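A short write-up of the structure that comes next.
Heavy-atom basis, side chains included; hydrogens, waters and symmetry copies ignored. None of the values given here were measured: they were computed from a predicted structure. Numbers restart at 1 for each chain; the letters A, B, ... are given by sequence-line order, proteins then strands.
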Amino acid sequence: MEARYNFKEIEPKWQRRWEAGELYRVTETDSKPKYYCLEMFPYPSGNLHMGHVRNYSIGDVVARFKRMQGYNVLHPMGWDAFGLPAENAAIHRGIPPAEWTWSNINNMRRQLHAMGISYDWEREVATCHLNYYRWTQWLFLQMYHHGLAYRKKAAVNWCPSCATVLANEQVVDGACERCHTDVVPKDLEQWFFRITDYADRLLADLQLLPGWPEKVKIMQDNWIGKSSGAEVVFRLEGSGAEIPVFTTRPDTLYGVTYMVLAPEHPLVAQLAAGTPCEEAVADFVRAARHLSALDRTATEKEKEGVFTGAYAINPVNSERVPVWIANYVLMEYGTGAVMGVPAHDQRDLEFARKYNLPVRVVIQPPGEELDGNTMSAAYVNDGVMVNSGPFNGVPNREGIARVTAHLEVSGTGKARVTYRLRDWLISRQRYWGAPIPMIYCDRCGIVPVPEEDLPVILPEGVEFKPTGESPLTYCPDFVHTTCPCCGNPARRETDTMDTFVCSSWYFLRYTSPHSQEQAFERDKVDYWMNVDQYIGGVEHAILHLMYARFFTKALYDFGLVGIEEPFQNLLTQGMVLKEGSKMSKSKGNVVSPEEIIERYGADTARLFILFAAPPERDLEWSDQGVEGCYRFLNRVWRLVAAYADAVRRDSAPLAVTTHTERELWRLLHITIKRVTEDIEQRFNFNTAISAIMELVNGCYRYQDTVPAGEQNLPLMGTVLKKMVTLLAPFAPHIAEELWQGLGGRESVHLETWPGYDPQALATPEVTLVVQINGKVRDRMQLPAGLPPAEVERLVLQRDKVVDMLAGQQVVKVIVVPDKLVNVVARKKCI
RNA sequence: GCGAGAGUGGCGGAAUCGGCAGACGCCCGAGACUUAAAAUCUCGUGGACCUUUGGUCCGUGCGGGUUCAAGUCCCGCCUCUCGCACCA
């Protein structure tokens, strides 16, 4: 073996050999248990960043570890390749999106190769490839045929900068998730997926996912926002028009003193028509519509409203209540109308006080008398119903069900469940995406493209005009087609699909990536799914992870897959920080993976990023930390190099005799245990690596303490070989080279993961900590496994202990076997 | 405001079931090797105090509590990060 660790030579060498030897190719087999390890595929921005390096390093440890444990591991990689940046590059630099994207993919694929990640590249997919997006389109058609894809006109979120609409999930604090431009409402007819049909299952099945972080499940739970209550129908005085409201508190229905509509509510215009309020109402609506989504929803914003001049009738007591419109009512939630119960709702109380509306207490807390005229905070807790006609004296919890039942009997309301979740808007007015395979025919209406006509090919050479309409609109060859039903001229849909549609099923495509006949082959899906371990950033906690769950459930219902949840276990990795904040070009704190690999090699980069913090936590980048890992690999190299030749030639049988040898042997087995458990049970790669470091330190200690001629070569050989196999998932190239240096013939990555011998963990002697009154006072070397009574006797005999206990009386002695003794003593009373 | 997570040396972090706080690494210091430097190796490295070999006390955000024993469990706060936020 060479004396020097030359990563520049060995890393490319092994990458080539692994690829040539098809080391990471997999096919279905019954001879091993399967394991599907998946990292979120990247958007091909052009270069890997440290977040990718972290994501894929973590995944590679899992994949290599499972492989060594005898699993048939599927570990694929691909590209989430549709999306806006490609189109923006086209606009700003004149490069066609396809060309830009493919060249980025080529560069990033090269970078991933240089990382030495063990992918089965044979299964690579790119969502912008015809052979992929034709199936995205096919899946859209399945959604359509099952009534889950539909078109409707709605107030949608429009990002003026991206010149397209966005799904609710892609709006953060009223701004575009991508470019942070304020989103404006726009009335447009768009395609939606009926994800709300799955709201209950998406919520309930979170319980099927014990392997997901609680945090992510809570976020999805909040996002779905299920709330149970009742729909109560108020009627307008005069016209008798129905205004349903949603409430979670039907028990407070007798406390309604007014009602409020959202400014966008369809009844608003006709309510005020002809009343003295007409003008004021119109002004108010105009002003509200003008506000951005962010301003509209700001909590601090004062509640404002205006009386419409109309009155509605409370169905339970026939009371006449004024109808207002107000800025705090959202058209998107519930029915867009709420009943005002100021005594028992803080928002309503604030509103009522501002506009001098009456406050009527209908829930009386135990042992307290509320006064509607003076109360300054709404009473929202439990109590007994009062001023509530036949329900007086009913505990309010019980009242919820009883009032609801009463409404149902009288036909003025019913129990209802409402969700915050909205249907998924998937239309995008952009070019670089999968065209929605629909046709508009003047005679036949909306007609789906027949499956045999797929794919609807995204045309090349399209002009990009930033008009707010899809560039495909200006591509006559694309737009003009014939109706599949009647054969007359017809128009194609020109919007493309949200890229999250593409990424909602890619994990299925990996199981049969080359299938020409199907999106995925059922038997392959049945073999590989679920994904056993999914790894990615927490920023996808709602978006991608909920869409993918929705797709899986829909496909299950279509009979296309046999599983209802795609990802069995989820690991959300933390961010990579530099100087305490996320790496970003604007902050100028970006560390380029390519430079690190160039300087220290991929193994060092991987090792550092795994060593510096546990995966879920944010990781602070440290150049010195990288140096440290590089030093460690050099240290490992020198150690192995010092013994490699001798170990290779040595054929003596292994025998462990001296105390020092037994210590080294024991350290080896402790290390195997620690590394195995740290990877398998806790994903704590940082402590796994530190365990290997300790083993290496132990080897050096042995080398230093035992004279060269007396060193146990078979022992050292065994220890080093095992150490190299433990290192293999973390630093695959150097491990391979060292393995070969130690005489390994096959790849170290085909080795079986080492097991430990529980007997080797046993030690003849233990260091017993002696505490007196909970403070460490002494240590004793004792034979392991002594009975507690014997330990107690020995401790109490010990000179030092006797001295320290002088004048005191032993009250109690606690013995933790082979670990610790605590002598509880107090001053003797004379 | 609601929900979740976190807070441990100069730094990243460890302590897995209540049992030696600070593993491992970085930084820093001392020494060895060297003409010299780099590299490497060895030793030291939480704080305060003491008469030394050695020992004492303090110490895991703050204040209480449970316990023979608390970074870990309980109660009450503080700070930070993330998510949601007029959701009727």
Query raised in the report: Does a sphere of radius 6.0 Å around CZ in Arg793(A) hold more than 12 heavy atoms from other residues, nucleotides or ligands, not counting ones at 6.0 Å or beyond?
Result: yes

Query raised in the report: Does Lys303(A) make a side-chain donor-acceptor contact with the base of rC86(B), cut-off 3.5 Å?
Result: yes

Report task. First locate atom NZ of Lys354(A), then atom CD of Glu304(A), and finally report the distance between them rounded to the nearest 0.5 Å. Result -> 4.5 Å

Requested in this report: Return the stems involving RNA chain B, sorted by first number, where pairs are Watson-Crick (N1-N3 with N6-O4 or O6-N4) or G-U wobble (N1-O2 and O6-N3), both under 3.5 Å, and runs are 3 or more long.
Outcome: B:1-7 with B:78-84, B:10-12 with B:24-26, B:28-32 with B:40-44, B:46-50 with B:54-58, B:61-65 with B:73-77

Query - Matching residue for Lys217(A) among Leu545(A), Leu203(A), Leu570(A), Leu206(A) - test: side-chain contact (heavy atoms from CB on, under 4.5 Å) - result: Leu206(A)

Report summary line: Whole-Å distance, Ile772(A) CD1 to rU56(B) P, equals 10 Å

Report task. Identify whether the distance between the nearest side-chain nitrogen and carboxylate oxygen of Lys673(A) and Glu677(A) falls below 4.0 Å. Result -> yes

Query raised in the report: Can you tell me how far P in rA36(B) sits from the matching atom in rG31(B), rounded to whole Å?
Result: 14 Å

Query raised in the report: Among rC84(B), rC58(B), rA88(B), which nucleotide sits nearest the side chain of Val338(A)?
Result: rA88(B)

Query raised in the report: Distance between the C1' atoms of rC73(B) and rU81(B), in whole angstroms?
Result: 25 Å

Query raised in the report: Which is true for Ser622(A) with a 4.0 Å heavy-atom rule: it touches a base, it touches only sugar-phosphate, or it touches nothing?
Result: nothing

Requested in this report: Considering only atom P, compute the distance from rG63(B) to rC58(B) and round it to an integer number of Å.
Outcome: 14 Å

Using the 3.5 Å cut-off, write out each protein N or O paired with an N or O of nucleotides 40-43 of chain B and the distance between them.
from	atom 1	to	atom 2	distance (Å)
rU40(B)	O3'	Arg638(A)	NH2	2.9
rC41(B)	OP1	Arg635(A)	NH1	2.8
rC41(B)	OP1	Arg638(A)	NH2	3.0

Query raised in the report: Nearest-Å distance, CD1 (Ile692(A)) to P (rG25(B))?
Result: 13 Å

Requested in this report: Please measure how far the P atom in rA4(B) lies from the corresponding atom in rG76(B), and state the result in whole Å.
Outcome: 14 Å

Query raised in the report: Base, backbone or nothing for each nucleotide of nucleotides 2-23 of chain B, written B, S, -, heavy atoms under 4.0 angstrom, 5' to 3'?
Result: -SS-------BSSSB--BB--B

Query raised in the report: What is the distance from CD of Glu231(A) to C1' of rC87(B), rounded to the nearest Å?
Result: 15 Å

Report summary line: Per the glycosidic torsion and the 90° limit around 0, nucleotide rG76(B) is anti

Report task. Can you run down the side chain to side chain donor-acceptor pair (under 3.5 Å) pairs that involve residues 812-825 of chain A, sequence neighbours left out, and say none if there aren't any? Result -> none

Query - Axial cation check for Trp223(A) ring with Arg420(A), 6.0 Å and 45° limits - result: yes

Query - Listed nucleotide nearest any side-chain atom of Arg777(A), set rC24(B), rC57(B), rC87(B) - result: rC57(B)

Requested in this report: Specify the separation, in whole Å, of atom CG of Leu633(A) and atom P of rG25(B).
Outcome: 13 Å

Report summary line: Contacts of Asn6(A) meeting side-chain hydrogen bond (donor to acceptor under 3.5 Å, both in side chains) (sequence neighbours excluded), chain-then-number -> Glu9(A)

Query - Tyr630(A) OH - rA39(B) P separation (whole Å) - result: 12 Å

Report task. Working to the nearest 0.5 Å, report the span between CD1 of Ile772(A) and CG of Leu805(A). Result -> 4.5 Å

Report summary line: To the nearest 0.5 Å, atom OG1 of Thr404(A) lies from atom CG of Leu253(A) at 9.0 Å

Query raised in the report: Which part of the nucleic acid, if any, lies within reach of Lys226(A) when heavy atoms closer than 4.0 Å are counted: base, sugar-phosphate only, or nothing?
Result: nothing

Query raised in the report: Does Arg420(A) put a side-chain nitrogen or oxygen below 4.0 Å from OP1 or OP2 of rA85(B)?
Result: yes

Report task. Please state how far atom CG in Leu349(A) lies from atom C1' in rG1(B), giving the value in whole angstrom units. Result -> 16 Å

Query raised in the report: With a 4.0 Å cut-off, would you call Glu694(A) and Arg674(A) a salt bridge?
Result: yes

Report summary line: Taken in chain and number order and not counting sequence neighbours, the residues that satisfy salt bridge (charged side-chain N to carboxylate O under 4.0 Å, His left out) with Arg631(A) are none

Query raised in the report: Rounded to whole angstroms, how far apart are CG on Leu543(A) and C1' on rC84(B)?
Result: 14 Å

Query raised in the report: Are Phe611(A) and Phe685(A) an aromatic pair by the rule of ring centers under 6.0 Å?
Result: no

Query raised in the report: Where does the angle between the aromatic ring planes of Phe351(A) and Tyr355(A) fall among parallel (under 30°), tilted (30 to 60°) and perpendicular (over 60°)?
Result: tilted

Requested in this report: Measure from OH on Tyr333(A) to C1' on rC86(B) and round the result to the nearest Å.
Outcome: 12 Å

Query - Sugar-phosphate, base or nothing in reach of Gly628(A), heavy atoms under 4.0 Å - result: sugar-phosphate

Query - Of the listed nucleotides rC26(B), rG55(B), rC24(B), the one nearest the side chain of Met693(A) - result: rC24(B)

Query raised in the report: Nearest nucleotide by nearest heavy atom, which residue falls closer to the 5' end of RNA chain B, Met575(A) or Asn697(A)?
Result: Asn697(A)

